[in-house]
Amino acid sequence: MNKALVILSTLAILLGGCGVNKEEANQTQAGEEQKAPKEMDTKDLPKVTAFQDEATREYMVSTKEVEPGYYLLESKSKKIRMLFPEEGKYSDLLSSFSKNEENIGFDEFDKEANILMNGQITYYQGQSFLQKTDTMLEIISGKNKYSEEYQKENTKDTEIYIGYKKSNFDNLDRKYNYSYRYFGFVKPNQSEIEGAEYSFIFTCKDDNHSCSLEEKNARDKVEKMISSIQFISIKEE
């Protein structure tokens, strides 16, 4: 009987040890999955610009593709998140960060379509002009020399205002001498102390190659990104 008890005790210890090892392995694996992209080896990251470019990688939340061609970006202030195109690249010249304002500038070049997109998202917090949407839109209209009405859309958590202009370049000799511009404001439903201004410009980069820039496609891309903007402080409440 004593011998049988010894064998059972030994088996229990061995099985218990295996369980601990398995649990530790799972915890280690989970820890690796939770690593921020900026902490990972580049060879383990998606082979797209958003992750292979060091500066852009700082903003990426995870390597999980949220929608085809889009990943999740988080501002350095940790105030907003939004969909970000996989070939998007951070622009230092258009970016800045301070206590109540953060600018995130980026470019995306679709080589096959010959389309260059320049984008900028500006997050504001605690500014007096945020309390009145009309005032905010007047400011944006002034920047863009815009006198038309804004298209208004709603998501579950935000109000979105979209302005649009087609501009022509002064260089009339250029074949693709136009651009599409979208600009406006995203306002959280539950707060009057924060908001996000945005601006996107689409152009044909190389005049010597065919360009498939169409207004509808450009607008759809913009609407996808701005409608995905989440104000993190609101989500956490």
Side-chain angles (χ1 to χ4, degrees), residues 48-50 56 59-61 64-75 79-91 94-95 102-110 112-124 130 133-134 136-141 143-167 178-191 194-205 211-232 234-235:
V48 295
T49 303
T56 312
Y59 289 85
M60 306 315 295
V61 175
K64 180 181 179 181
E65 193 175 31
V66 182
E67 291 190 21
Y70 290 87
Y71 293 84
L72 191 61
L73 171 145
E74 182 177 88
S75 62
K79 298 295 185 180
I80 59 171
R81 287 184 172 187
M82 62 176 285
L83 291 180
F84 190 77
E86 62 183 11
E87 293 302 328
K89 184 176 181 179
Y90 171 82
S91 173
L94 297 175
S95 303
E102 179 176 4
N103 290 286
I104 306 172
F106 56 95
D107 304 314
E108 181 197 41
F109 178 50
D110 184 335
E112 183 177 348
N114 189 24
I115 298 172
L116 176 65
M117 179 187 74
N118 304 110
Q120 185 173 34
I121 304 293
T122 303
Y123 170 80
Y124 298 106
L130 294 170
T133 302
D134 289 344
M136 187 68 214
L137 294 178
E138 285 178 10
I139 294 171
I140 296 171
S141 294
K143 292 179 182 179
N144 294 278
K145 298 180 180 179
Y146 184 67
S147 59
E148 305 295 327
E149 293 291 325
Y150 286 84
Q151 174 186 335
K152 182 181 177 182
E153 297 183 359
N154 294 88
T155 69
K156 179 183 176 182
D157 300 309
T158 63
E159 288 182 5
I160 299 171
Y161 297 86
I162 304 172
Y164 159 73
K165 287 182 73 173
K166 181 179 180 180
S167 301
Y178 63 93
S179 68
Y180 295 127
R181 299 169 55 204
Y182 303 88
F183 42 86
F185 184 56
V186 181
K187 173 186 176 181
N189 293 333
Q190 300 178 28
S191 174
E194 60 183 336
E197 179 183 352
Y198 65 88
S199 175
F200 292 90
I201 303 175
F202 293 80
T203 56
C204 296
K205 184 177 182 181
C211 179
S212 58
L213 177 57
E214 296 181 1
E215 196 275 329
K216 183 183 183 304
N217 293 338
R219 179 182 290 269
D220 288 347
K221 190 177 186 72
V222 170
E223 290 185 351
K224 177 186 286 291
M225 286 186 282
I226 62 174
S227 65
S228 74
I229 291 177
Q230 299 177 356
F231 293 85
I232 298 175
I234 303 299
K235 285 290 186 182

Strictly by modelled atom types, are Glu148 and Tyr146 linked by a side-chain donor-acceptor pair under 3.5 Å?
no

Counting only N and O atoms by type, is there a donor-acceptor contact under 3.5 Å from the side chain of Ser199 to the main-chain atoms of Phe183?
no

Between Lys205 (side chain) and Phe109 (backbone), is there a donor-acceptor pair under 3.5 Å?
no

Pairing donors with acceptors under 3.5 angstrom, does anything connect the side chains of Lys221 and Tyr70?
yes

With Glu67, which residues qualify under salt bridge (Lys or Arg N to Asp or Glu O under 4.0 Å), at least two apart?
Lys224

Check side chain to side chain donor-acceptor pair (under 3.5 Å) between Lys187 and all other residues, then give those that pass, not counting sequence neighbours.
Thr133

What residues, two or more places apart in sequence or in another chain, satisfy side chain to side chain donor-acceptor pair (under 3.5 Å) together with Thr122?
Asn103

With Glu65, which residues qualify under salt bridge (Lys or Arg N to Asp or Glu O under 4.0 Å), at least two apart?
none

Do Thr203 side-chain atoms and Ser179 backbone N/O form a donor-acceptor pair below 3.5 Å?
no

Exactly one of Tyr198, Tyr164, Tyr150 clears ring-ring contact (aromatic ring centres under 6.0 Å, His included) with Tyr182, and that residue is Tyr164

Could you list the residues that satisfy salt bridge (Lys or Arg N to Asp or Glu O under 4.0 Å) with Lys166, not counting sequence neighbours?
none

Restricting to salt bridge (Lys or Arg N to Asp or Glu O under 4.0 Å), what partner residues turn up for Glu87, sequence neighbours left out?
none

Is a side-chain donor-acceptor pair under 3.5 Å present for Glu86 with Tyr71?
no

